[in-house]
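See structure below.
What you see is a predicted model, and the numbers here were worked out from it, not measured in a lab.
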There are 2 protein chains.
Amino acid sequence: MTASVRERLTTSLATASKADRILANFMLSELSSLPFETAASLAAKVDVSEPTVGRFCRTLGYKSFKDLKDHLKQDIGQQPWLVSDRLRELRERAAAGEDQLAAGLELEISALVSIYELARTPEWTRVVKRLASTPNVYAVGFQTERGMAQILVNQLQYLRDGVRMLDLAGGSFAEVLVSDPAQSCLVIFEARRYSRLSRDLAIEAKKVGIPVTLVTDPFCDWGRDLVDEMFVVPTEFNQFWESTAQMASLANLLVNGVFLELGPKVEARMEIVTQLYSQFTGYVGKPVNRTSQSGGKPA
Amino acid sequence: MTASVRERLTTSLATASKADRILANFMLSELSSLPFETAASLAAKVDVSEPTVGRFCRTLGYKSFKDLKDHLKQDIGQQPWLVSDRLRELRERAAAGEDQLAAGLELEISALVSIYELARTPEWTRVVKRLASTPNVYAVGFQTERGMAQILVNQLQYLRDGVRMLDLAGGSFAEVLVSDPAQSCLVIFEARRYSRLSRDLAIEAKKVGIPVTLVTDPFCDWGRDLVDEMFVVPTEFNQFWESTAQMASLANLLVNGVFLELGPKVEARMEIVTQLYSQFTGYVGKPVNRTSQSGGKPA
DNA sequence: GTATCAATGAAAGTTTTCTAACATTTTGTC
DNA sequence: GACAAAATGTTAGAAAACTTTCATTGATAC
């Protein structure tokens with residue numbers, strides 16, 4: 001009993017009464033403006049009474065029309081992505097109240113979707129090109145987000161020269177801030193916890209004219225007018241505090257973009273770097289996948 | 001005076017007060033889920049009062065938050081906002097070959113699902129309990145995976161004492177390896193690139209009897225008989241090489257588990273740590289979410 | 001035809017959401 | 001550092017949204 005709103009509406013069509021069927025039909029065709037409706041406004045539109053709307057939602061298994069809307073929000077809907085029935089099972093458990101986790105899963109999935117959407121924006125393309133071509137690339141992040149910066153830097157280093165991780169260890173960020181702005185760019189990973197540091201850095205970078213890309217959570221209230229691109233990653237997954245985990249996917253996608261941009265010419269470099277790592281850390285395999293992409297032409 | 005909601009929000013950023021700017025930014029970041037919010041729920045998320053939300057909407061020229069939503073309806077227009085629709089769109093592009101990346105999305109989603117499945121296993125529970133109770137917790141990862149270890153360590157430190165990140169900087173891993181095995185445990189984040197180091201460490205740890213949890217990719221061929229728990233995270237997402245991004249989700253889930261295990265008694269500590277961070281990095285907000293879980297009893 | 005029952009609506013009650021008035025805090029100024 | 005002005009939070013009350021109860025309608029069975 002954990003069908004999506006759309007599914008429930010569709011199945012209800014078979015058995016529903018006249019008024020209910022009208023409602024179901026209307027809702028299905030106007031699914032996308034449903035969140036803006038209220039039980040009363042809906043009732044008026046299809047010319048039934050308000051209680052009928054409420055009752056209908058209850059026969060569908062929701063507590064009220066508002067409850068239906070709430071489900072719509074989390075509704076990832078249809079099977080296509082249903083990775084087997086494993087997920088369904090998780091969701092059913094969640095519905096039974098046994099599993100707080102499953103609700104978080106849906107939120108993480110929807111965060112992933114947003115990230116892949118970001119990767120289709122013009123800003124994304126701009127950043128990727130910049131990361132591929134600017135001589136000096138700096139990335140920075142504090143505390144947890146440092147890990148994200150590290151992912152970006154490590155992988156980019158396989159692909160190109162001049163990629164560095166910034167650090168407050170030196171006491172200032174002189175490294176970037178006194179570099180030639182035309183030759184440098186900066187990526188900041190941020191979450192609300194560490195706002196001030198990131199913000200100060202962004203301000204200074206703007207002052208000297210270094211392009212800044214900010215990856216942050218929806219709570220960031222200072223980025224928009226300071227940075228060149230701002231990528232907002234959802235971070236609320238029903239956990240006891242926010243999780244920036246999905247920023248890692250974003251970092252990887254960025255790196256992948258740079259790879260596509262640079263094209264096969266990086267392969268020689270990758271060989272060498274791989275060998276070096278191998279020499280110092282005992283790695284034996286190849287980091288490069290054998291996916292079709294790797295041989296393909298750059299985008 | 002017929003600007004779109006987005007435009008109005010953006011222009012307001014220039015002149016708005018602090019709370020208003022926070023609101024505007026958040027709204028801009030979460031435009032697509034705004035219709036589901038209510039003035040109160042929004043207020044709670046960005047931690048301002050309810051009337052502030054109403055007032056802000058009025059300064060934007062709307063009658064109320066509800067009125068803003070009504071206008072949003074026109075703005076959002078045809079653009080799909082339901083996660084299911086957005087996902088479908090990406091999938092269609094992938095199928096049409098227009099979007100190389102989108103093909104990887106499904107794989108990432110399914111990786112996420114497997115992680116949430118892991119979180120339901122007895123091994124998981126065992127690790128969580130161990131991470132909550134063992135006096136000394138060590139985590140380690142090399143290169144990219146170092147970022148994952150960092151996530152775990154950073155967040156665990158909010159919750160408890162005695163959590164450390166291991167490092168090869170010292171040349172050996174003496175720190176763990178000569179500690180009292182009954183008082184220590186170790187989490188290794190690994191991907192095939194750095195197999196040897198991780199493996200050597202695991203071997204030594206086993207020798208001295210320290211419990212080891214291994215988080216790795218599906219290519220790891222040495223873990224099973226060496227470690228106490230082995231969590232395998234999918235890493236092939238159609239990118240030019242493997243991505244361990246979803247390990248970040250795993251790390252976060254682990255931390256969340258420990259939080260639930262420790263229960264409300266950690267809140268005092270969290271307050272202190274938060275304050276310390278604030279002192280040194282200028283963080284001003286609260287890291288703790290106000291989700292229902294946070295107040296709830298431990299699992 | 002009429003008795004019965006499901007479906008629906010009307011009206012009144014309850015809860016949620018929003019607003020107005022006032023108190024408090026913050027910010028800026030001198 | 002004290003004052004004024006602006007911004008924000010608190011409290012309580014108005015409005016809206018939703019539910020419940022009960023009356024009415026209209027279909028179906030006999």
Tell me if the centroids of the rings in A/Phe231 and A/Trp124 come within less than 6.0 Å of each other.
yes

Where along residues 11-18 of chain B does a heavy atom come under 4.0 Å from DNA chain D, residue by residue in number order?
B/Ser17, B/Lys18

From CA spacing to verdict: side-chain contact (heavy atoms from CB on, under 4.5 Å), A/Glu50, A/Val53:
CA-CA 5 Å; A/Glu50 216 179 316; A/Val53 176; 5.8 Å; no

Report the distance from atom CG of B/Leu34 to atom C1' of C/dT17, rounded to the nearest whole Å.
16 Å

What is the distance, rounded to the nearest whole Å, between atom CG of B/Asp47 and atom C1' of D/dG9?
11 Å

Salt-bridge criterion met for A/Glu204 and A/Lys207 (N-O under 4.0 Å):
yes

Given atom CG of B/Leu42 and atom P of C/dT16, what is their separation to the nearest angstrom?
19 Å

Using 4.0 Å as the upper bound for N to carboxylate O, is an ion pair formed by B/Arg88 and B/Asp85?
yes

Could you tell me if B/Thr38 and B/Ser41 have a donor-acceptor pair between their side chains, going purely by distance under 3.5 Å?
no

Would you please confirm or rule out a distance under 4.0 Å between OP1 or OP2 of C/dT8 and any side-chain N or O of A/Ser49?
no

Between B/Glu37 and B/Lys69, what is the shortest heavy-atom contact and its length?
O-NZ, 2.9 Å

Qualifying residues under ring pair (Phe, Tyr, Trp, His ring centres under 6.0 Å), relative to B/Phe65, sequence neighbours excluded
none

According to ring-ring contact (aromatic ring centres under 6.0 Å, His included), does anything in residues 19-56 of chain A pair up with another residue at least two apart or in another chain? List the pairs.
none

Could you state the CD1-P distance from A/Ile22 to C/dA7, rounded to the nearest angstrom?
14 Å

After noting the C-alpha distance and the side-chain angles of A/Phe219 and A/Glu236, does the key distance pass the side-chain contact (heavy atoms from CB on, under 4.5 Å) rule?
CA-CA 11 Å; A/Phe219 299 94; A/Glu236 305 258 18; 2.8 Å; yes

Decide yes or no on side-chain contact (heavy atoms from CB on, under 4.5 Å) for A/Leu9 and A/Leu60, but give the supporting numbers first.
CA-CA 7 Å; A/Leu9 282 170; A/Leu60 289 179; 3.7 Å; yes

Using a 4.0 Å heavy-atom cut-off, write out nucleotides 16-22 of chain D from 5' to 3' as B (base contacted by protein), S (sugar-phosphate only) or - (no contact).
SSBSBB-

Under the side chain to side chain donor-acceptor pair (under 3.5 Å) definition, can you give me all pairs with a residue in residues 12-30 of chain A, not counting sequence neighbours?
A/Glu30-A/Ser33

The helix from C/dG1-D/dC30 to C/dC30-D/dG1: angle between its terminal axes, five pairs each, to 10°?
30°

For A/Val53, answer base if it contacts any base atom (sugar-phosphate contacts may also be present), sugar-phosphate if it contacts only those atoms, and nothing otherwise; contact means non-hydrogen atoms under 4.0 Å.
nothing

